[in-house]
Amino acid sequence: MPELPEAERARATLESVLGRRITAVDDSDTYVCRPHQAGEIAAALVGHELVSAHRRGKFLWLQTDDGPTLGLHLGMAGAIALEAARDKPIWDRFTVEFEDGSRFALRDRRRLARAVLNPDFSHVGPDAADVGRDEFRRRIGAGNTALKARLLDQGAISGVGNLLADQALWQARLAPQRTTSQLSAEDLDRLRRELRAAVRSAIRRGGVHTGSFVEVRDREGACPRCARGLARATVGGRTTYWCPACQE
DNA sequence: AGGTCTGTTCAGCT
DNA sequence: TAGCTGAACAGACC
């Protein structure tokens with residue numbers, strides 16, 4: 001599920017745990033928690049207070065008072081849970097407890113989420129909702145690859161996942177396999193505008209699954225604009241749907 | 001019951 | 001170098 005809109009929701013959830021002293025941390029899942037030594041993240045965090053919650057693309061991080069930074073990523077199925085899990089506690093891969101008894105957990109069935117101490121975001125591109133016109137043209141229009149593959153490249157711009165990419169491309173009437181070097185400045189500007197609109201709509205409506213194209217995005221789906229059946233192929237290594245009539 | 005598919009990221013190869 | 005491919009995980013679905 002998690003793409004930029006879900007990550008933003010998680011960030012907002014994390015704001016509700018700021019300002020409390022950390023009393024315990026469970027980082028025993030050494031696949032999800034990096035560095036790999038169990039107890040390392042705990043030792044660094046206990047006694048500190050979380051002071052701010054940030055996001056760039058799908059990457060989250062929490063700043064402590066004068067201490068380390070805690071990076072979080074939801075992976076492919078992760079979420080931030082404030083309530084202790086009753087039935088499936090095994091899905092809580094990383095847990096932080098506070099002095100007042102409250103807690104939050106990084107909950108993920110698939111263990112593809114990550115909790116990282118002092119994360120490095122130097123290779124993460126600007127947030128898809130914030131990137132300026134000229135930088136978008138430069139970063140998306142460069143090189144020679146399928147447009148959709150470039151949108152999914154978090155180093156180019158960050159926050160776009162498989163579903164959001166299909167939604168934005170459909171809104172901008174651009175075919176996913178179009179080559180980046182062939183795009184006009186006008187194409188790129190339109191794509192940027194539609195991508196920002198898709199992101200904002202998804203945040204407002206509660207997730208990327210609320211997109212008009214995402215809702216019909218399957219083998220039987222029809223284009224919401226022209227009602228023609230959707231095409232399906234692998235582009236950029238990911239299952240991709242588009243309207244062969246509207247997008248070129 | 002077993003095979004296929006999945007919203008992400010990253011290492012490793014060409 | 002930039003751009004692919006496949007691996008990591010584990011559940012959902014048919």
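All values below were derived from every heavy atom in this structure, side-chain atoms included, with hydrogens, water molecules and symmetry-related copies excluded.
- Closest to the side chain of Asn162(A), from the set dA10(C), dG3(C), dG7(B), is dG7(B).
- Distance CD1 (Ile90(A)) to C1' (dA10(C)): 10 Å, rounded to an integer number of Å.
- Atom C1' of nucleotide dT9(B) and atom CZ of Arg238(A) are separated by 10 Å, given to the nearest angstrom.
- Atom CZ in Arg219(A) sits 8.0 Å away from atom OG1 in Thr239(A) (nearest 0.5 Å).
- When the shell of 6.0 Å around CZ of Arg217(A) is examined, it contains more than 12 heavy atoms from other residues, nucleotides or ligands.
- Summarising the local packing, CG of Asp134(A) is surrounded by more than 12 heavy atoms from other residues, nucleotides or ligands at distances under 6.0 Å.
- Looking at Arg139(A) and Asp153(A), no side-chain N of the basic residue comes within less than 4.0 Å of a carboxylate O on the acidic one, giving no salt bridge.
- The nucleotide whose nearest atom lies closest to any side-chain atom of Arg232(A) is, among dG7(B), dT9(B), dC5(B), dC5(B).
- Base pairing annotation: dC4(C) forms a Watson-Crick or G-U wobble pair with dG12(B), both donor-acceptor distances under 3.5 Å.
- Taking side-chain N and O atoms only, Gln154(A) has a distance below 4.0 Å to OP1 or OP2 of dT9(B).
- Phe59(A) and His73(A) have perpendicular rings, their planes meeting at more than 60° on a 0 to 90° scale where under 30° would count as parallel.
- Atom CD of Glu6(A) and atom P of dT6(B) are 18 Å apart (whole Å).
- Dashed line: the shortest gap from a side-chain N or O of Arg111(A) to OP1 or OP2 of dG11(C) is not under 4.0 Å.
- Listed nucleotides: dC9(C), dG3(C), dG11(C). Nearest to the side chain of Thr145(A): dG3(C).
- For the pair Trp91(A) and dA10(C), the criterion of a side-chain N or O lying under 4.0 Å from OP1 or OP2 is not met.
- Taking atom CG of Leu74(A) as the reference point, atom C1' of dT6(B) lies 16 Å away to the nearest angstrom.
- Distance from the side chain of Arg93(A) is smallest to dA10(C) among dT6(B), dA10(C), dC4(C).
- For Leu112(A), counting side-chain heavy atoms from C-beta on, the closest listed nucleotide (dC9(C), dT8(B), dT9(B)) is dC9(C).
- Heavy atoms of Asp153(A) sit nowhere under 4.0 angstrom from any nucleic acid atom.
- Side-chain nitrogen and oxygen atoms of His209(A) include none within less than 4.0 Å of the OP1 or OP2 phosphate oxygen of dG7(B).
- Here Arg114(A) does not reach the OP1 or OP2 of dT9(B): none of its side-chain N or O atoms lies under 4.0 Å away.
- The base of dT6(B) lies close enough to the side chain of Arg110(A) for a donor and an acceptor atom to sit less than 3.5 Å apart.
- Take the nearest nucleotide of DNA chain B for Thr239(A) and for His73(A): the residue whose nucleotide is more 5' is Thr239(A).
- Using N1 to N3 plus N6-O4 or O6-N4 for Watson-Crick, or N1-O2 and O6-N3 for G-U wobble, each under 3.5 Å, dC9(C) pairs with nothing.
- As judged by a 4.0 angstrom heavy-atom cut-off over every strand, Gly161(A) is placed among residues touching the sugar-phosphate backbone only.
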